[in-house]
Protein chains: 2
Amino acid sequence: MDNYIKVFKALSDTTRLKIMWLLMNIDEKICVSEIVEVLEVYQYNVSRHLRILKDANLIEEVKEGKWVFYHLTPINTKFQDLIQKSIHSIPESEMRKEMVKCKELLALRD
Amino acid sequence: MDNYIKVFKALSDTTRLKIMWLLMNIDEKICVSEIVEVLEVYQYNVSRHLRILKDANLIEEVKEGKWVFYHLTPINTKFQDLIQKSIHSIPESEMRKEMVKCKELLALRD
DNA sequence: TAATCATATGCGTAAAATTGCATATGACAA
DNA sequence: TTGTCATATGCAATTTTACGCATATGATTA
(Lines give C-alpha, C1' and ligand atoms only; values in the text may rest on other atoms or scores of the structure.)
Protein backbone atom coordinates (compact mmCIF):
# COMPACT_ATOMS: atom_id res chain seq x y z
CA MET A 1 0.00 0.00 0.00
CA ASP A 2 2.97 2.26 0.69
CA ASN A 3 3.67 3.08 -2.94
CA TYR A 4 0.11 4.24 -3.49
CA ILE A 5 0.27 6.38 -0.37
CA LYS A 6 3.51 7.85 -1.61
CA VAL A 7 1.83 8.94 -4.84
CA PHE A 8 -1.10 10.58 -3.11
CA LYS A 9 1.21 12.25 -0.63
CA ALA A 10 3.35 13.57 -3.47
CA LEU A 11 0.28 15.09 -5.07
CA SER A 12 -1.04 16.70 -1.91
CA ASP A 13 0.97 19.88 -2.11
CA THR A 14 0.10 22.87 -4.26
CA THR A 15 3.51 23.34 -5.80
CA ARG A 16 3.86 19.68 -6.66
CA LEU A 17 0.37 19.33 -8.07
CA LYS A 18 0.97 22.41 -10.21
CA ILE A 19 4.21 20.95 -11.52
CA MET A 20 2.40 17.76 -12.45
CA TRP A 21 -0.42 19.68 -14.07
CA LEU A 22 2.02 21.65 -16.18
CA LEU A 23 3.85 18.53 -17.28
CA MET A 24 0.52 16.98 -18.28
CA ASN A 25 -0.67 20.01 -20.17
CA ILE A 26 2.36 21.23 -22.02
CA ASP A 27 3.76 18.46 -24.09
CA GLU A 28 7.36 19.14 -23.20
CA LYS A 29 9.91 18.45 -20.60
CA ILE A 30 10.72 21.44 -18.46
CA CYS A 31 13.75 22.42 -16.41
CA VAL A 32 14.05 23.53 -12.82
CA SER A 33 14.66 27.21 -13.47
CA GLU A 34 11.64 27.37 -15.76
CA ILE A 35 9.44 25.95 -13.02
CA VAL A 36 10.93 28.45 -10.59
CA GLU A 37 9.92 31.28 -12.89
CA VAL A 38 6.47 29.98 -13.73
CA LEU A 39 5.42 29.08 -10.21
CA GLU A 40 7.33 31.77 -8.34
CA VAL A 41 8.74 29.39 -5.77
CA TYR A 42 12.33 29.47 -4.50
CA GLN A 43 14.70 27.31 -6.52
CA TYR A 44 15.69 25.23 -3.54
CA ASN A 45 12.09 24.39 -2.84
CA VAL A 46 11.35 23.49 -6.44
CA SER A 47 14.30 21.11 -6.34
CA ARG A 48 12.98 19.50 -3.24
CA HIS A 49 9.47 19.14 -4.59
CA LEU A 50 10.80 17.60 -7.77
CA ARG A 51 12.67 15.08 -5.68
CA ILE A 52 9.49 14.05 -3.92
CA LEU A 53 7.67 13.61 -7.22
CA LYS A 54 10.57 11.58 -8.55
CA ASP A 55 10.65 9.38 -5.47
CA ALA A 56 6.96 8.69 -5.99
CA ASN A 57 7.78 7.59 -9.51
CA LEU A 58 5.68 10.30 -11.05
CA ILE A 59 8.42 12.07 -12.97
CA GLU A 60 11.85 11.34 -14.38
CA GLU A 61 14.85 13.54 -14.98
CA VAL A 62 17.07 14.05 -17.99
CA LYS A 63 20.31 15.94 -17.56
CA GLU A 64 21.39 18.20 -20.38
CA GLY A 65 24.53 20.13 -19.62
CA LYS A 66 23.90 22.52 -16.77
CA TRP A 67 20.20 21.86 -16.90
CA VAL A 68 18.02 19.13 -15.48
CA PHE A 69 14.79 18.57 -17.33
CA TYR A 70 11.85 16.74 -15.89
CA HIS A 71 9.05 14.89 -17.63
CA LEU A 72 6.23 12.55 -16.67
CA THR A 73 7.11 8.92 -16.09
CA PRO A 74 5.74 6.82 -18.96
CA ILE A 75 2.66 4.94 -17.87
CA ASN A 76 3.21 1.41 -16.63
CA THR A 77 0.15 0.62 -14.59
CA LYS A 78 -3.56 1.24 -14.62
CA PHE A 79 -3.12 3.18 -11.41
CA GLN A 80 -0.51 5.50 -12.90
CA ASP A 81 -2.70 6.03 -15.92
CA LEU A 82 -5.74 6.99 -13.87
CA ILE A 83 -3.74 9.27 -11.63
CA GLN A 84 -2.30 11.09 -14.62
CA LYS A 85 -5.76 11.40 -16.14
CA SER A 86 -7.15 12.75 -12.88
CA ILE A 87 -4.52 15.47 -12.84
CA HIS A 88 -5.25 16.20 -16.46
CA SER A 89 -8.92 16.64 -15.59
CA ILE A 90 -8.17 19.58 -13.32
CA PRO A 91 -9.54 22.49 -15.33
CA GLU A 92 -7.15 25.00 -16.86
CA SER A 93 -9.02 27.76 -15.06
CA GLU A 94 -7.23 26.64 -11.89
CA MET A 95 -3.91 27.28 -13.60
CA ARG A 96 -4.59 30.19 -15.90
CA LYS A 97 -1.88 32.49 -14.64
CA GLU A 98 0.79 29.80 -14.54
CA MET A 99 -0.18 28.46 -17.94
CA VAL A 100 0.14 31.88 -19.59
CA LYS A 101 3.55 32.39 -18.04
CA CYS A 102 4.65 28.92 -18.99
CA LYS A 103 3.66 29.31 -22.64
CA GLU A 104 5.48 32.63 -22.83
CA LEU A 105 8.61 31.03 -21.42
CA LEU A 106 8.49 28.06 -23.76
CA ALA A 107 8.01 30.34 -26.75
CA LEU A 108 11.22 32.17 -25.88
CA ARG A 109 13.24 28.99 -25.50
CA ASP A 110 15.39 29.00 -28.65
CA MET B 1 -6.65 24.18 -6.49
CA ASP B 2 -7.37 23.72 -2.77
CA ASN B 3 -10.18 21.22 -3.24
CA TYR B 4 -7.97 18.98 -5.36
CA ILE B 5 -5.21 19.17 -2.78
CA LYS B 6 -7.70 18.29 -0.11
CA VAL B 7 -8.63 15.12 -1.98
CA PHE B 8 -5.04 13.99 -2.45
CA LYS B 9 -4.25 14.81 1.16
CA ALA B 10 -7.23 12.81 2.32
CA LEU B 11 -6.00 9.82 0.36
CA SER B 12 -2.44 10.00 1.58
CA ASP B 13 -2.91 8.05 4.76
CA THR B 14 -3.06 4.27 5.00
CA THR B 15 -6.19 4.05 7.11
CA ARG B 16 -8.08 6.47 4.91
CA LEU B 17 -6.99 4.89 1.65
CA LYS B 18 -8.03 1.49 3.00
CA ILE B 19 -11.44 2.82 3.97
CA MET B 20 -11.89 4.20 0.47
CA TRP B 21 -10.73 0.97 -1.09
CA LEU B 22 -13.22 -1.02 0.98
CA LEU B 23 -16.07 1.30 0.06
CA MET B 24 -15.14 0.91 -3.62
CA ASN B 25 -14.88 -2.84 -3.47
CA ILE B 26 -17.77 -3.93 -1.33
CA ASP B 27 -20.95 -2.56 -2.75
CA GLU B 28 -22.36 -1.50 0.58
CA LYS B 29 -22.32 1.28 3.03
CA ILE B 30 -20.40 0.46 6.17
CA CYS B 31 -20.56 1.77 9.72
CA VAL B 32 -17.83 3.06 12.00
CA SER B 33 -17.61 0.06 14.29
CA GLU B 34 -17.31 -2.28 11.31
CA ILE B 35 -14.37 -0.30 10.00
CA VAL B 36 -12.83 -0.37 13.46
CA GLU B 37 -13.03 -4.15 13.47
CA VAL B 38 -11.85 -4.66 9.90
CA LEU B 39 -8.90 -2.28 10.04
CA GLU B 40 -7.99 -2.71 13.70
CA VAL B 41 -7.71 1.00 14.35
CA TYR B 42 -9.07 2.72 17.47
CA GLN B 43 -12.62 3.94 17.11
CA TYR B 44 -11.70 7.54 17.82
CA ASN B 45 -9.16 7.48 15.05
CA VAL B 46 -11.54 5.91 12.56
CA SER B 47 -14.03 8.67 13.34
CA ARG B 48 -11.41 11.29 12.70
CA HIS B 49 -10.27 9.75 9.44
CA LEU B 50 -13.86 9.51 8.26
CA ARG B 51 -14.26 13.19 8.97
CA ILE B 52 -11.29 14.02 6.80
CA LEU B 53 -12.65 11.92 3.94
CA LYS B 54 -16.03 13.59 4.32
CA ASP B 55 -14.50 17.06 4.34
CA ALA B 56 -12.75 16.18 1.10
CA ASN B 57 -16.13 15.27 -0.33
CA LEU B 58 -15.11 11.68 -0.90
CA ILE B 59 -17.71 10.06 1.32
CA GLU B 60 -21.10 10.84 2.81
CA GLU B 61 -22.79 9.71 5.98
CA VAL B 62 -26.21 8.26 6.67
CA LYS B 63 -27.39 8.04 10.24
CA GLU B 64 -29.46 5.02 11.19
CA GLY B 65 -30.32 4.90 14.85
CA LYS B 66 -27.20 4.51 16.90
CA TRP B 67 -25.14 3.85 13.82
CA VAL B 68 -23.54 6.09 11.25
CA PHE B 69 -23.00 4.51 7.89
CA TYR B 70 -20.63 5.86 5.29
CA HIS B 71 -20.65 5.44 1.53
CA LEU B 72 -18.87 6.93 -1.43
CA THR B 73 -20.06 10.29 -2.66
CA PRO B 74 -21.87 9.85 -5.97
CA ILE B 75 -19.70 10.98 -8.85
CA ASN B 76 -20.20 14.54 -10.00
CA THR B 77 -17.03 15.41 -11.82
CA LYS B 78 -14.53 13.82 -14.14
CA PHE B 79 -11.93 14.29 -11.44
CA GLN B 80 -13.96 12.44 -8.83
CA ASP B 81 -14.60 9.67 -11.29
CA LEU B 82 -10.93 9.20 -12.10
CA ILE B 83 -9.92 9.34 -8.47
CA GLN B 84 -12.43 6.66 -7.58
CA LYS B 85 -11.25 4.54 -10.47
CA SER B 86 -7.64 4.94 -9.42
CA ILE B 87 -8.48 3.67 -5.94
CA HIS B 88 -10.39 0.83 -7.50
CA SER B 89 -7.34 -0.10 -9.52
CA ILE B 90 -5.32 -0.84 -6.40
CA PRO B 91 -5.07 -4.62 -6.50
CA GLU B 92 -6.95 -6.70 -3.96
CA SER B 93 -3.69 -8.36 -3.00
CA GLU B 94 -2.85 -5.15 -1.11
CA MET B 95 -5.99 -5.62 0.97
CA ARG B 96 -6.37 -9.37 1.25
CA LYS B 97 -6.51 -9.60 5.01
CA GLU B 98 -8.90 -6.68 5.41
CA MET B 99 -11.13 -7.90 2.61
CA VAL B 100 -11.51 -11.36 4.16
CA LYS B 101 -12.41 -9.84 7.49
CA CYS B 102 -14.78 -7.40 5.91
CA LYS B 103 -16.67 -10.07 3.99
CA GLU B 104 -16.98 -12.16 7.13
CA LEU B 105 -18.43 -9.22 9.00
CA LEU B 106 -20.90 -8.31 6.30
CA ALA B 107 -22.07 -11.91 6.09
CA LEU B 108 -22.94 -11.84 9.78
CA ARG B 109 -24.86 -8.58 9.56
CA ASP B 110 -28.49 -9.76 9.92
C1' DT C 1 -34.85 7.84 34.22
C1' DA C 2 -30.65 5.26 34.32
C1' DA C 3 -27.54 2.39 31.97
C1' DT C 4 -25.52 1.18 27.71
C1' DC C 5 -23.94 1.26 23.05
C1' DA C 6 -22.08 3.86 18.90
C1' DT C 7 -19.79 7.77 17.51
C1' DA C 8 -17.39 12.24 17.90
C1' DT C 9 -14.20 15.63 19.83
C1' DG C 10 -10.99 18.61 23.05
C1' DC C 11 -6.45 18.67 24.57
C1' DG C 12 -1.64 17.63 24.95
C1' DT C 13 2.19 15.27 22.74
C1' DA C 14 4.84 13.01 19.20
C1' DA C 15 6.08 12.56 14.54
C1' DA C 16 6.30 14.22 9.84
C1' DA C 17 6.43 17.67 6.29
C1' DT C 18 7.67 22.29 4.67
C1' DT C 19 10.41 26.26 4.68
C1' DG C 20 14.45 29.66 4.86
C1' DC C 21 19.10 30.28 4.87
C1' DA C 22 23.55 28.99 3.82
C1' DT C 23 26.29 26.35 1.11
C1' DA C 24 27.69 22.34 -1.67
C1' DT C 25 28.00 20.08 -6.21
C1' DG C 26 28.51 19.89 -11.06
C1' DA C 27 28.87 21.74 -15.71
C1' DC C 28 30.19 25.17 -18.69
C1' DA C 29 32.66 29.58 -20.15
C1' DA C 30 36.26 33.03 -19.85
C1' DT D 1 41.81 27.25 -13.17
C1' DT D 2 38.78 30.67 -11.95
C1' DG D 3 34.30 32.42 -12.19
C1' DT D 4 29.57 31.82 -13.16
C1' DC D 5 25.25 29.56 -13.85
C1' DA D 6 21.92 25.67 -12.69
C1' DT D 7 20.65 22.54 -9.36
C1' DA D 8 20.79 20.07 -4.91
C1' DT D 9 21.17 19.52 0.11
C1' DG D 10 22.34 20.00 5.43
C1' DC D 11 20.50 22.14 9.31
C1' DA D 12 17.38 24.55 12.35
C1' DA D 13 12.91 26.60 12.92
C1' DT D 14 8.13 26.34 12.00
C1' DT D 15 3.89 24.34 10.63
C1' DT D 16 0.96 20.46 9.89
C1' DT D 17 -0.67 16.03 10.79
C1' DA D 18 -1.57 11.87 13.58
C1' DC D 19 -2.18 9.85 17.88
C1' DG D 20 -3.53 8.54 22.84
C1' DC D 21 -6.36 9.48 26.52
C1' DA D 22 -10.31 11.17 28.52
C1' DT D 23 -14.75 12.51 27.89
C1' DA D 24 -18.77 14.45 25.44
C1' DT D 25 -22.89 13.67 22.57
C1' DG D 26 -26.74 11.20 20.88
C1' DA D 27 -29.66 7.30 20.39
C1' DT D 28 -31.45 2.95 22.28
C1' DT D 29 -32.70 -0.31 25.79
C1' DA D 30 -33.78 -1.84 30.51
Side-chain angles (χ1 to χ4, degrees), chain A residues 1-20 22-23 28-56 58-71 102 105-106 108-109, chain B residues 1-20 22-23 28-56 58-71 105-106 108-110:
Chain A
M1 196 59 72
D2 284 9
N3 285 322
Y4 300 98
I5 295 293
K6 202 183 260 189
V7 168
F8 288 120
K9 203 164 279 186
L11 297 173
S12 59
D13 170 276
T14 309
T15 301
R16 294 196 294 267
L17 187 54
K18 284 181 175 179
I19 292 172
M20 288 298 293
L22 286 174
L23 288 174
E28 299 262 11
K29 52 190 167 36
I30 188 171
C31 75
V32 179
S33 48
E34 289 170 329
I35 299 173
V36 168
E37 199 167 339
V38 171
L39 300 187
E40 300 177 22
V41 174
Y42 289 126
Q43 178 273 316
Y44 51 78
N45 283 331
V46 170
S47 279
R48 291 204 263 236
H49 285 306
L50 287 166
R51 177 92 131 84
I52 290 169
L53 291 170
K54 204 182 78 174
D55 288 349
L58 287 163
I59 61 174
E60 295 180 346
E61 64 179 37
V62 184
K63 304 196 180 184
E64 290 185 17
K66 296 195 276 191
W67 294 275
V68 182
F69 287 85
Y70 287 87
H71 60 85
C102 188
L105 252 193
L106 295 181
L108 294 174
R109 251 184 189 173
Chain B
M1 197 57 73
D2 284 8
N3 286 321
Y4 300 98
I5 295 294
K6 202 182 261 188
V7 168
F8 288 121
K9 204 164 278 188
L11 296 173
S12 58
D13 170 276
T14 309
T15 301
R16 294 196 294 266
L17 188 54
K18 284 182 175 179
I19 292 171
M20 288 298 293
L22 286 174
L23 288 174
E28 298 263 10
K29 53 190 167 37
I30 188 170
C31 74
V32 180
S33 49
E34 289 169 330
I35 298 173
V36 169
E37 197 167 341
V38 171
L39 299 187
E40 300 178 20
V41 175
Y42 289 125
Q43 178 272 316
Y44 52 78
N45 284 331
V46 170
S47 279
R48 292 204 262 237
H49 286 305
L50 286 167
R51 177 91 130 85
I52 291 169
L53 292 170
K54 203 183 78 174
D55 288 348
L58 288 163
I59 61 174
E60 297 180 344
E61 63 179 35
V62 183
K63 303 195 180 183
E64 291 186 14
K66 295 195 277 191
W67 293 275
V68 182
F69 286 84
Y70 287 86
H71 61 86
L105 251 193
L106 295 181
L108 293 175
R109 251 184 189 172
D110 318 334

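Proteins come first, then strands; the chains are lettered A, B, ... in the order of their sequence lines, and each starts at number 1.
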Within the 3.5 Å criterion, strictly below it, is a donor on E37(A) or S33(A) matched to an acceptor on the partner's side chain? no

Of the candidate nucleotides [options], which contains the atom at the shortest distance from the side chain of [X]?
| X | options | result |
| --- | --- | --- |
| Y42(B) | dG20(D), dT7(D), dT17(D) | dG20(D) |
| R51(B) | dA8(C), dA27(C), dT9(C) | dT9(C) |
| S47(B) | dT9(C), dT28(D), dA18(D) | dT9(C) |
| V68(A) | dA22(D), dA8(D), dT7(C) | dA8(D) |
| K66(A) | dA27(C), dT18(C), dT7(C) | dA27(C) |

Using only atom types and a distance under 3.5 Å, with no angle test, would you say the side chain of S12(A) pairs donor to acceptor with the backbone of K9(A)? yes

Under 4.0 Å between a side-chain N or O of H49(B) and OP1 or OP2 of dC19(D)? yes

At under 4.0 Å, does any side-chain N or O of Y70(A) touch on OP1 or OP2 of dA8(D)? yes

Does Q43(A) contact dA6(D) through a side-chain donor or acceptor facing the base, at a distance under 3.5 Å? no

Checking all strands, does K9(B) fall into the base, sugar-phosphate, or nothing category for heavy-atom contacts under 4.0 angstrom? sugar-phosphate

Considering only NZ, NE, NH1 and NH2 on the basic side and carboxylate oxygens on the acidic side, decide whether K6(B) and D2(B) come within less than 4.0 Å. no

Expressed in angstrom and rounded to an integer, what is the separation of R48(A) atom CZ from dC21(C) atom C1'? 9 Å

